[in-house]
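One structure is given here, and the rest of the page talks about it.
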Amino acid sequence: MRRVIFWIGVAIILFVFIFPIAWIFVTSFKGRTDIMVPTRLLFVPTLENYVYEFWKMPLLKEMKNSAIVSVISTIFVMAVSLPAGYSFARFNTGEGHLLFFTLTTRMFPPVVAAIPFFFLFRDLGLLDTHLGLILLYLYFNMSFATFLLYGFFREIPEELEHAAMVDGYGRLSIFRKIIFPLIVPGAAITAVFCLIFAWNEFFFGYIFTRTVARTVSFGLISHWGSVVVQWGPMAVGVIFAILPTLIAGWFMQRFIVRGLSFGAIKG
Amino acid sequence: MLNQGDEARIERLPGEFRERRPAWQVLTSEKYIKWFLVIPLLVVLGVFAFYPLFYCLYMSFHEAILIRPPEFLGLDNYRKILHNRLFWNSVGRSASTVVVCVGIEITLGLGIALFLNREFRGQNIVRGLCLLPLMVSPLAMSLMWKYFLEPQFGIVNVMLSWIGFSQVAFLSESGVALYTIMFMEIWKWLPFSIFVFLAALRGLPKDAFEAARVDGASPWFTFKKLTLPMLKPFMMIVILLRVMWLIRLSDPLFGTTQGGAGTEVLDWYIYRIAFIRFDIGEGTTLALIALLMTIIIGAVLFRQLIKALGAAR
């Protein structure tokens, strides 16, 4: 009896979290009229929304833009955050103040950064370019990545480095030959989180791009015209906006809580 | 084992024989390596953190609308905003969003975590599925729910009509819309608190609970006197992070109400002033005030977190 109640509870929890996501998948195969009848479970599935999204709308281009910007900005973030995280973890650089200041950049209202950068980027010709967005996402993800990597570096025992130092290694070669192989798993987790955050980011993409570099999130909101909402194509857009992150999330499930809590909780 | 002083001495020895070393060697030497490694970070911080801050500080003392050259105003922008009812209304909405969402996420999250805190078949699959809402982008999330909550053919309204309720315009009726936004936020973030608490519950020391059971303590007493105090640091982490994120709430509004129907929270108000009215002077001032508020709240909560961590040890 208690088992039954338990499984009913699990079913309710799963229903609440999964049903909306599953339902939007179902909806994407519905034609124009079926969409207005959400309870109609037996309907003729159609690919018209997919055809519309990929041939009439620039969804493919938007996905490519989002991918380019996410990947390159993540590489930049790692180049900045790996050495910095190591320095904070091993030498306590700046006695914690610098690390804390890095963290506070996350508290800035995005608008704080958006206003000045809008004018700066306009003067530099960076509006609606990939590079402009990459730089913004570097700023956006850097504090998070540094903090998470700091936690991973702290788990590497310092004795390893002392041993290497006795063997005559310099600091740089210690970092390259001993620390780096050990940080690869942590760095990979951090990188996937940066990719997810960059892919999901909306505000900067909305303000700083128009046509050339526009992202998936930007494309999503353009279905919402002043006259009609194109529900069907929007469902397709939503699916392709969330599919990559859902897949990443499934494989990362052991690390999601740790990542989102800036490494504070080792779930 | 080497300690700091020894390392420094070893490093200094060869230096006494050579007069000057190439810059690269100096930078990567024992003394400077730690700063050498944070140079990229400092550059990025300099450009991306200080520049906007000083730009906003400068502009906040000026009247700057559209592209007209800024005119010095002194503290007028600050005075105007602090006397503006619209600003305080938006702060109030943000505050109530924070309180309602964090409150529900903590209590419901803890409840569900206690419920799920056992070994059962397929627990990894259930866990993985429950985590998925966290991965959905806030904008896509809001558009999804916009479809489900549509007044005429949204599935929620259809279901409500089955049990005899009349249609609710979840996203356009003022007084309801803000709660709808809160609901969406809770849907997305509840898994976070559930799994933080699950991780915490798994890490609790077993022997203390064993002792309580042997002494015949009731489950409620054990929960109140043992479980809750031990969970407090985790609660503080959830509160700190969620408050910080909820203050910055604006993405779901772009897909749904666009700040209408009584949902103009703080960041949307800033966005409207700065990017729709294009009042840069007032916009930057608002941004600075919002930043200051966030830092103060963040610092207070961070203190509490440190205290809770200290007490738990």
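Because the structure is a prediction, the values reported are computed rather than measured. Each chain gets a letter, A, B and so on, in the order its sequence line appears, and its residues count up from 1.
When all heavy atoms are compared, the tightest approach of B:Ala140 to A:Ile242 is CB-CG2, 3.6 Å. Among all heavy-atom pairs drawn from B:Leu132 and A:Leu246, the shortest one is O-CD2, 3.6 Å. The two residues A:Leu14 and B:Cys130 make their nearest non-hydrogen contact at CD2-SG, 3.9 Å. Between B:Leu129 and A:Trp250 the shortest heavy-atom distance is N-CZ3, 3.6 Å. Listed here is the closest heavy atom pair of B:Phe48 and A:Leu136: CE2-N, 4.4 Å.
Between B:Phe153 and A:Trp231, the two ring planes are perpendicular [angle over 60°; tilted spans 30° to 60°]. Ring geometry, B:Phe115 versus A:Phe6: the interplanar angle falls from 30° to 60°, so the pair is classed tilted.
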Between B:Phe302 and A:Phe100, is the ring-ring contact (aromatic ring centres under 6.0 Å, His included) condition met? List the steps. CA-CA 11 Å; B:Phe302 195 72; A:Phe100 186 74; 5.7 Å; yes

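The closest donor-acceptor contact from the side chain of A:Asn200 to the backbone of B:Met135 lies under 3.5 Å. A:Thr245 contributes no side-chain N or O that, together with a main-chain N or O of B:Val136, makes up a donor-acceptor pair within less than 3.5 Å. In this structure a side-chain-to-backbone donor-acceptor pair under 3.5 Å is present from B:Tyr147 to A:Ile35.
For residues 110-119 of chain A, no residue pair satisfies the salt bridge (Lys or Arg N to Asp or Glu O under 4.0 Å) rule, not counting sequence neighbours.
Between the CD atom of A:Gln253 and the CG atom of B:Asn124 there is a distance of 6.5 Å, given to the nearest 0.5 Å. Atom CG of B:Leu134 is separated from atom CD1 of A:Ile256 by 6.5 Å, given to the nearest 0.5 angstrom.
Only the side chain of A:Tyr206 comes within contact range of chain B, with at least one heavy atom under 4.5 Å from a heavy atom of that chain. Both the backbone and the side chain of A:Ser217 come within less than 4.5 Å of a heavy atom of chain B. Using a 4.5 Å cut-off between heavy atoms, B:Lys188 makes no contact with chain A at all. Contacts of B:Trp189 with chain A are made by side-chain atoms alone, with heavy-atom separations under 4.5 Å and no backbone atom involved.
Here B:Tyr51 and A:Tyr139 keep their ring centres 6.0 angstrom or further from each other. Note: B:Tyr55 and A:Phe117 fail the aromatic proximity criterion, with ring centroids not under 6.0 Å apart.
Looking only at heavy-atom pairs under 4.5 Å with chain A, the residue among B:Gln152, B:Met59, B:Gln258 that has the most is B:Gln258. Across B:Val38, B:Ile39, B:Val126, B:Leu143, the residue that shares the most heavy-atom pairs under 4.5 angstrom with chain A is B:Leu143. The greatest number of non-hydrogen atom pairs below 4.5 Å with chain B, out of A:Leu135, A:Thr102, A:Leu98, is found for A:Leu135.
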Can you give me every donor-acceptor pair (side chain of residues 190-199 of chain B, partner residue at least two apart or in another chain, under 3.5 Å) with its distance?
{"from": "B:Ser193", "atom 1": "OG", "to": "B:Glu105", "atom 2": "O", "distance (Å)": "2.9"}
{"from": "B:Ser193", "atom 1": "OG", "to": "B:Leu190", "atom 2": "O", "distance (Å)": "3.2"}

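Between B:Ile33 and A:Phe91 the shortest side-chain heavy-atom distance falls below 4.5 Å.
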